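Here the structure comes first, spelled out in structure tokens, and everything after it is commentary.
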Amino acid sequence: MDKLIYIAMTGAKHTLGQQDAVAHNLANANSTGFREEMHRFRAVDVQNSPLPSRAFVVDASVATDFSTGPLQYTGRTYDAAIEGKGWFAVQAADGSEAYTRDGSFQLSPDGVLLTRSGQPVIGDGGPITIPPDNEVVIGKDGSISAIPATGDRNAVNVIGRLKLVNPPEETLQRGDDGLFRVKGGAPAPLDETVQVAGGYLEGSNVNVVDQMVNMISLARQFEMQTQMLQKAEANDQAANKLLSTG
């Protein structure tokens, strides 16, 4: 009976955790550049038992689906999307370098290029500042060209270049702020092969139908595990009754 309780109890606990992850994915189904979060479970024997007759469920890993999302044309000057693999480098709140696929940039009041969440976008010389009274064009290689809004519009100046990286996906981990970082904290090197589509945004890679099916499956799984706990309790009561009768 102990084995039944261990498996059902820990299974129910982690099923709830997985439901939270699915709910988080569904909530970000329309978030720009979002990457689906995945959980993988496995059974582990209880090690301190003289006989390995008990097992419990552990959340073996929290993984990320790094497949690309659909590109959508917006025509907005400060929108950019990575074509294929790669990441935009940004400066996180703690000063570290982090990575995102969300290229819906904006300008701060003093002209610094920021993400929608307010992190400075990193270029080849640090955070990128856009001169006032200029329009910008983001090139395929991540270069940012400034065009005077008035006067000689042929006076195009390249004022910086986005830092584009493409570290191995297995070295990346998601932070609580939703940004990705290289395990160990070292900044990823610039990758010249990463390409950008200016005026586009990348959608989330969450498949809503799959997530809804997962949510239904998890609800049934949780119900089955709670029924197992109730069955264990009923068996315990029946055994106690039988012993007291004897």
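Computed over heavy atoms, backbone and side chain alike; hydrogens, waters and symmetry mates excluded. All residue numbers in this chain count up from 1 along the given sequence. These figures come from a predicted structure and were not determined experimentally.
Qualifying side-chain hydrogen bond (donor to acceptor under 3.5 Å, both in side chains) partners for Glu83, counting only residues two or more places apart in sequence or in other chains: Lys140. In this structure Ala12 satisfies the side chain to side chain contact (heavy atoms under 4.5 Å, CB included) test together with Phe222, Gln225, sequence neighbours excluded. Take Arg181 and apply the side-chain hydrogen bond (donor to acceptor under 3.5 Å, both in side chains) test, not counting sequence neighbours, and it matches Ser96, Asp177. Applying the side-chain hydrogen bond (donor to acceptor under 3.5 Å, both in side chains) rule to Ser67 yields the partners Asp65, Asn205; only residues at least two apart in sequence or on another chain are considered. With sequence neighbours excluded, the residues that form a salt bridge (Lys or Arg N to Asp or Glu O under 4.0 Å) with Arg174 are Glu37. For Glu169, the side chain to side chain contact (heavy atoms under 4.5 Å, CB included) partners two or more places apart in sequence, or in a different chain, are Phe66, Lys85. Take Ser104 and apply the side-chain hydrogen bond (donor to acceptor under 3.5 Å, both in side chains) test, not counting sequence neighbours, and it matches Asp102. The ring-ring contact (aromatic ring centres under 6.0 Å, His included) check on Tyr200 picks up Tyr73, with sequence neighbours excluded. With sequence neighbours excluded, the residues that form a side chain to side chain contact (heavy atoms under 4.5 Å, CB included) with Pro168 are Glu170, Thr171. For the side chain to side chain contact (heavy atoms under 4.5 Å, CB included) test, residues two or more places apart in sequence or in another chain that qualify with Asn214 are Val22, Gln211.
Cluster membership for Tyr78 and Ile128, using ILVMFWY side-chain heavy atoms within less than 4.5 angstrom, is shared. Hydrophobic cluster membership differs between Ile122 and Phe180, with clusters built from Ile, Leu, Val, Met, Phe, Trp and Tyr side chains linked at under 4.5 angstrom. The cluster map of Ile, Leu, Val, Met, Phe, Trp and Tyr, joined by side-chain heavy atoms under 4.5 Å apart, puts Ile130 and Val121 in the same cluster. A continuous path of ILVMFWY side-chain contacts below 4.5 Å connects Val165 to Val182, so both sit in one hydrophobic cluster. Under a hydrophobic-cluster definition in which Ile, Leu, Val, Met, Phe, Trp and Tyr are linked whenever side-chain heavy atoms come within less than 4.5 Å, directly or via other members, Leu201 and Leu107 are assigned to different clusters.
Judged by distance alone, with hydrogens and angles left aside, the side-chain atoms of Asn207 form a donor-acceptor pair with the main-chain N or O of Val209 at under 3.5 Å. Between the side chain of Thr74 and the backbone N or O of Gly199 there is at least one donor-acceptor pair closer than 3.5 Å. Using modelled atom types, one side-chain atom of Asn134 and one backbone atom of Pro132 make a donor-acceptor pair closer than 3.5 Å. Without hydrogens or angle criteria, Arg76 side chain to Gly198 main chain gives no donor-acceptor distance under 3.5 Å.
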Go through the steps to decide whether Val196 and Phe88 satisfy the test side-chain contact (heavy atoms from CB on, under 4.5 Å), and finish with yes or no. CA-CA 10 Å; Val196 175; Phe88 297 111; 4.2 Å; yes
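Summarising the local packing, CE of Met212 is surrounded by 12 or fewer heavy atoms from other residues, nucleotides or ligands at distances under 6.0 Å.
Considering Asn166, Leu164, Thr68 as possible partners of Ile82, the one that fulfils the side-chain contact (heavy atoms from CB on, under 4.5 Å) test is Leu164. The one candidate from Val213, Leu26, Asn30, Asn25 that meets the side-chain contact (heavy atoms from CB on, under 4.5 Å) condition with Val208 is Leu26. Under the side-chain contact (heavy atoms from CB on, under 4.5 Å) test applied with Leu113, the options Val136, Leu162, Thr129 reduce to a single match, Leu162.
Under the 4.5 Å side-chain criterion, counting only non-hydrogen atoms from C-beta, Gln237 is in contact with Glu233. You'll find the side chain of Gln91 stays beyond 4.5 Å of the side chain of Glu97, heavy atoms only. A heavy-atom distance below 4.5 Å is not found between the side chains of Pro148 and Asp133. Between Glu223 and Gln221 the shortest side-chain heavy-atom distance does not fall below 4.5 Å. Contact annotation: the side chain of Ile144 never approaches that of Val137 to less than 4.5 Å [non-hydrogen atoms, C-beta and beyond].
Taking every heavy atom of both residues into account, Thr32 and Gly103 meet most closely at CG2-N, 4.4 Å. The heavy-atom pair separating Leu179 from Ala92 by the smallest distance is CD1-CB, 4.3 Å. Across all non-hydrogen atoms, the minimal contact from Met228 to Ala8 is CB-CB, 3.9 Å. Minimum heavy-atom separation, Asp124 to Gly160: OD1-CA, 4.1 Å.
Side-chain contact, Asn28 with Ser204: no donor N or O sits under 3.5 Å from an acceptor N or O.
Separation of atoms OH (Tyr99) and CG (Leu172) is listed at 8.5 Å; rounding is to 0.5 Å. Between the CD atom of Gln18 and the NZ atom of Lys13 there is a distance of 14.5 Å, given to the nearest 0.5 Å. Rounding to the nearest 0.5 Å places OG of Ser145 at 8.0 Å from CD1 of Ile159.
Residue pairs satisfying the side chain to side chain donor-acceptor pair (under 3.5 Å) criterion with at least one member in residues 105-116, sequence neighbours excluded, are listed as follows: Ser108-Asp110, Thr115-Gln119.
Applying the 4.5 Å side-chain rule to ILVMFWY residues, one finds Phe34 in the same cluster as Val206.
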